Q: 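Here it is, the structure in full.
Computed from a prediction, not measured in an experiment: that's the story for all the values here.
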Amino acid sequence: MDNQLIRQLLDDYFDGKTSLEQEARLKQALQRTDLPEDLLGYRPLFQYLDQPAPAQLGSDFDARVLEQIQPEEAKIRHLPGRTWMLRVAAAVVLALGAFWIYEDYQPMQHEEVAGVDWSKYEVQDPKQAFAITSSALKRTSMELNQGTDVAAQGFERNLREISRFFE
Amino acid sequence: MNLETFKSDILPIKNKLLRVALRITCNPQEAEDVVQETLIKVWEQRKTLSGVRNIEAWCMQLTKNRSIDKRRLRNNQNEGLDNAYGLSSAEHTPDRQAELSDSYRQIQQLMQELPDNQRMAMQLRDIDEFTYQEIADTLEMPLSQVKTNIFRARKSVRNKLMALWTTN
């Protein structure tokens, strides 16, 4: 920035007409050591105004504030490492427990199924099959409250047709 | 306002509040205490903030008022200023630090002689680079008054500088 421009900006600055950007450029320009005499006198002022920013408040400060307003939340946030490990441990325990329950349950099912010879209970006689089925359906109909006669009649019709295949 | 809103909207303005507090207390530790107290008060009053249009501006005002109270209690004009503004930075040689100290003290004296509102407005603008609106919100004055204060402060400093050159 040439000296004439610096002088113009300086006048605008003292008249309150400069933007933040112009003021920043003026601060920078007046740090030069090769300024003419009439501008050198303003250097101390703009050095004073060009102060470094104070130390920033960081995450430690946030933690202190959060601890004041929500002590329980702050404690949880302060133990990220431990909660991570707890979560993993809980997941492992749940998985092991589920696996153990599954293994414990499965053999019983297989044993019950393997131990029964269902062939002994197969109904060979179609008429017997019809009678058993009709009886079961009548009971079902009664419990569904739809009328035994209507349900039985309907199913008897259908079963009569099916039983023709056995004849 | 819930905790998540507080963390996302209020906590991030802490450094802006720190600048305001530092500008008034001139003491880094006190300024930090003021900011902490301000944020805690915001949380305590969160249920009544629905009527506040600009919460950031409200926080600035709260910070300003608390800082003024702290300063009145302590009544300290210059203590801690060097540390606050990095005057003792290791980057400077001892001679440079001495030179800077003299310059700083000279300009600091000129600034201290300004009326409070003019000094605050000029420092918030020229050092902390606040916009005129942010200054208006913080100092609770109209925009036109901010500009007038800054104009008068700068003119006064210029006249005093020229008087110093004449004397020297």
Q: For B:R125 and B:N149, which I'm curious about, is there any donor-acceptor pair between the side chains at under 3.5 Å?
A: no
Q: Under a 4.5 Å heavy-atom cut-off, does chain B meet the side chain of A:Q56, its backbone, both or neither?
A: both
Q: Verify the ring-centre separation between B:F151 and A:Y13: is it less than 6.0 angstrom?
A: no
Q: Heavy-atom pairs under 4.5 Å with chain B - which of A:D50, A:L49, A:L57 has more of them than the others?
A: A:L57
Q: Is B:E44 close to chain A through its backbone or its side chain, or both, or neither, when contacts mean heavy atoms under 4.5 Å?
A: neither
Q: What residues form a side-chain contact (heavy atoms from CB on, under 4.5 Å) with B:D9, not counting sequence neighbours?
A: B:T5
Q: May I ask you to check whether B:Q29 and B:D33 show a side-chain donor-acceptor distance below 3.5 Å?
A: yes
Q: Could you work out, with side-chain contact (heavy atoms from CB on, under 4.5 Å) as the rule, every residue matching A:S19, not counting sequence neighbours?
A: A:E21, A:Q22
Q: Please look at A:F61 and chain B and tell me whether the side chain, the backbone, both or neither of the residue comes under 4.5 angstrom of a heavy atom of that chain.
A: side chain
Q: For B:K14, is it the side chain, the backbone, both or neither that has a heavy atom under 4.5 Å from a heavy atom of chain A?
A: both
Q: Is the ring pair A:Y42/A:F14 parallel, tilted or perpendicular, if the boundaries are 30 and 60 degrees?
A: tilted
Q: Quick check for you: among B:M162, B:R19, B:K147, which has the greatest number of heavy-atom pairs under 4.5 Å with chain A?
A: B:R19
Q: Quick one: what part of B:R152 sits under 4.5 Å from any heavy atom of chain A, side chain, backbone, both or neither?
A: neither
Q: Which atoms of B:I150 are under 4.5 Å from chain A, going by heavy atoms: the side chain, the backbone, both sets, or neither?
A: neither
Q: Please state whether the side chain, the backbone, both or neither of A:T18 comes within less than 4.5 Å of a heavy atom of chain B.
A: both
Q: Answer with side chain, backbone, both or neither: which region of B:V35 has an atom nearer than 4.5 Å to a non-hydrogen atom of chain A?
A: both
Q: Report yes or no: do B:D126 and A:Y48 form a side-chain donor-acceptor pair below 3.5 Å?
A: no
Q: Please flag which part of B:F130 lies under 4.5 Å from any non-hydrogen atom of chain A: side chain, backbone, both or neither.
A: backbone
Q: Are B:R66 and B:E30 close enough for a salt bridge, meaning some N to O gap below 4.0 Å?
A: no
